[in-house]
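The block underneath contains the structure these notes are about, expressed in structure tokens.
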2 protein chains.
Amino acid sequence: MPRREPAEPKLNNGGRRKRDAPATQKRLLDAAEREFAERGYAGARLHTIATAASVQTTLIHHYFNDKQGLYRAVIERAVSPMQVDSWNLLREHQHFEALARGFVSMLMRFYAEHQHLLAIVRHELIAGSTVVRDILQERITPVATAAIAWMKELQHQGALLADIDPTEIVIMTVSLAAYPFVEGPLLNVVVPGAVPNGAAALQRREDAVVRTLMRAFLAPTQLKPASR
Amino acid sequence: MPRREPAEPKLNNGGRRKRDAPATQKRLLDAAEREFAERGYAGARLHTIATAASVQTTLIHHYFNDKQGLYRAVIERAVSPMQVDSWNLLREHQHFEALARGFVSMLMRFYAEHQHLLAIVRHELIAGSTVVRDILQERITPVATAAIAWMKELQHQGALLADIDPTEIVIMTVSLAAYPFVEGPLLNVVVPGAVPNGAAALQRREDAVVRTLMRAFLAPTQLKPASR
DNA sequence: AACGTTATTGACTAAATTTTTAGTTAAGCG
DNA sequence: CGCTTAACTAAAAATTTAGTCAATAACGTT
């Protein structure tokens, strides 16, 4: 027994859309990623996400079961580009400058392209999520460990200053590369135009960071006179 | 005509609490600040806040009218410690090292003590809030502008390297000082113990940052041999 | 061309959450 | 004291929002 009468068959959707499941899922995931990043899990609204993807809320349930399912899907997809294969390339470089440049470049690119992901990660870590924690430890920790070991070795070789903890060197490197992305909105409010974001500006900032790293950490014997 | 019968007069509150409006408000604001910082505006639950402050949800409405009112109150209170009087002290310093140390120390202290505030600020800026934007421009911009001007002057005096934009110098300084706080949870997951947070660790990090800044930005003529 | 599958929709429900309304008690003041 | 005000509680209305159900139409297959 039907619980209600079949609403008079509208001679269908005014806005008929071609059927395309993968495309629809992608649109949903995109919208969800933005929403979750901006408002956090609890603050995100399914209706908002569905609207942004221009589908009905129900489709979310159809594809991802429930809100958590969507969230997990977003995280998994967002986290997958956390491939650090790039690191292997770096390994081949021999001297600090090339190493630093490669590392900084990789970091900046990652931060520039995955701000949503990182916002979510921050949220998750504050909320104590073990999922994200595990993924990070699996994918990023090896890179970080290798980077630290590499710094230590460079110190032993006398290429880098030895009076500073190698971990600190890495942290400071990451700080210089990443902070402007993380706090970009704030910086731009406080100092208008402080963090421009064209490709050219990015390159310029990369150069500045690398030069600063060289000056800060290269052993004095290796210091070249600052070019003017 | 009473809409319902007066519940039998409990011979009052089992959990009797002295009436103390200001104290209650403070408890509410504290709880709200934490909640808003952790979950964002939409994700925050009034009931959670009220419970944390051990009062009835309704009291929030009594004092702050509605959720937005509470939010505004939190922001206004949280933002008020953004006093940068400290800066005037710095002005008195003469050379870069003292200046840098003072600036870095101020920054680190601020970040350490106001992480909730900063989380909220990030949220608000992403959401495009003009309230926070205005407050920042009013309170922080002058400091930043002064800092940049000061760097420029030091460059003219030949104390600092001139081949780098003074704004960049300031941004990098802030990066080094602040990033570990912003991304502390992530860093600690990736490299366990990377960012300890005792007073001693803080001091150590401050020293490291200042030393790095000196090496990176002091003009070569002023370089002292790195101490071992 | 009939047929089953599934992407997609629109109306609806159940639960959670904010807001309102009514009532109770403590405290200050004449 | 007695009276007014304001702090606070309890219940319930109003609103949001996640999740369900049945219907419909596009698509691939036979």
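In what follows, chains carry the letters A, B, and so on, assigned in the order in which the sequence lines appear, proteins first and then strands, with residues in each chain numbered from 1. Keep in mind that the numbers below use all heavy atoms, side chains included, and drop hydrogens, waters and symmetry copies.
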For atom [atom1] of [X] and atom [atom2] of [N], their distance in whole Å:
X: B:Tyr41; N: D:dT16; atom1: OH; atom2: P; result: 12 Å
X: B:Leu46; N: C:dT20; atom1: CG; atom2: P; result: 12 Å
X: A:Leu70; N: D:dA18; atom1: CG; atom2: C1'; result: 12 Å
X: B:His47; N: C:dT18; atom1: NE2; atom2: P; result: 10 Å
X: B:Lys26; N: D:dA7; atom1: NZ; atom2: P; result: 18 Å

Side chain of [X] only, heavy atoms from C-beta on: which candidate in [options] is closest?
X: A:Leu59; options: C:dT19, D:dT9, C:dT8; value: C:dT8
X: B:Val55; options: C:dT8, D:dT9, C:dT9; value: D:dT9
X: A:Arg45; options: C:dT19, D:dA18, D:dT9; value: D:dA18

Is any side-chain heavy atom of A:Val191 less than 4.5 Å from a side-chain heavy atom of A:Leu187? no

Are A:Ile171 and B:Arg205 close enough that some pair of their side-chain heavy atoms sits under 4.5 Å apart? no

Does C:dG10 have its OP1 or OP2 closer than 4.0 Å to a side-chain nitrogen or oxygen of A:Gln56? yes

Hey, does the side chain of B:Thr24 come within less than 4.0 Å of D:dC8's phosphate (OP1/OP2), counting only N and O? yes

Given A:Glu35, which partner from the list A:Thr48, A:Leu46, A:Leu70 fulfils the side chain to side chain contact (heavy atoms under 4.5 Å, CB included) test? A:Thr48

With side chain to side chain donor-acceptor pair (under 3.5 Å) as the rule and sequence neighbours excluded, what pairs involving residues 108-121 of chain B come up? A:Tyr179-B:Tyr111, A:Glu183-B:Tyr111, B:Ser105-B:Arg109

Measure distances between side-chain N and O atoms of A:Thr58 and base N and O atoms of D:dG19, and say whether any donor-acceptor pair falls under 3.5 Å. no

With distance as the sole test, does A:Lys67 use its side chain to make a donor-acceptor pair with the main-chain N or O of A:Ile60 at under 3.5 Å? no

Hey, are B:Arg133 and B:Thr130 close enough side-chain-wise for a donor-acceptor pair under 3.5 Å? no

Counting the atoms with a prime plus P, OP1 and OP2 as sugar-phosphate, which does B:Ala44 contact under 4.0 Å by heavy atoms, base, sugar-phosphate, or nothing? sugar-phosphate

Within residues 60-67 of chain B: residues closer than 4.0 Å to DNA chain D (heavy atoms): B:His62, B:Tyr63

One thing to verify: whether B:Arg77 and B:Asp30 come together as a salt bridge, which I'm taking to mean a side-chain N less than 4.0 angstrom from a carboxylate O. yes

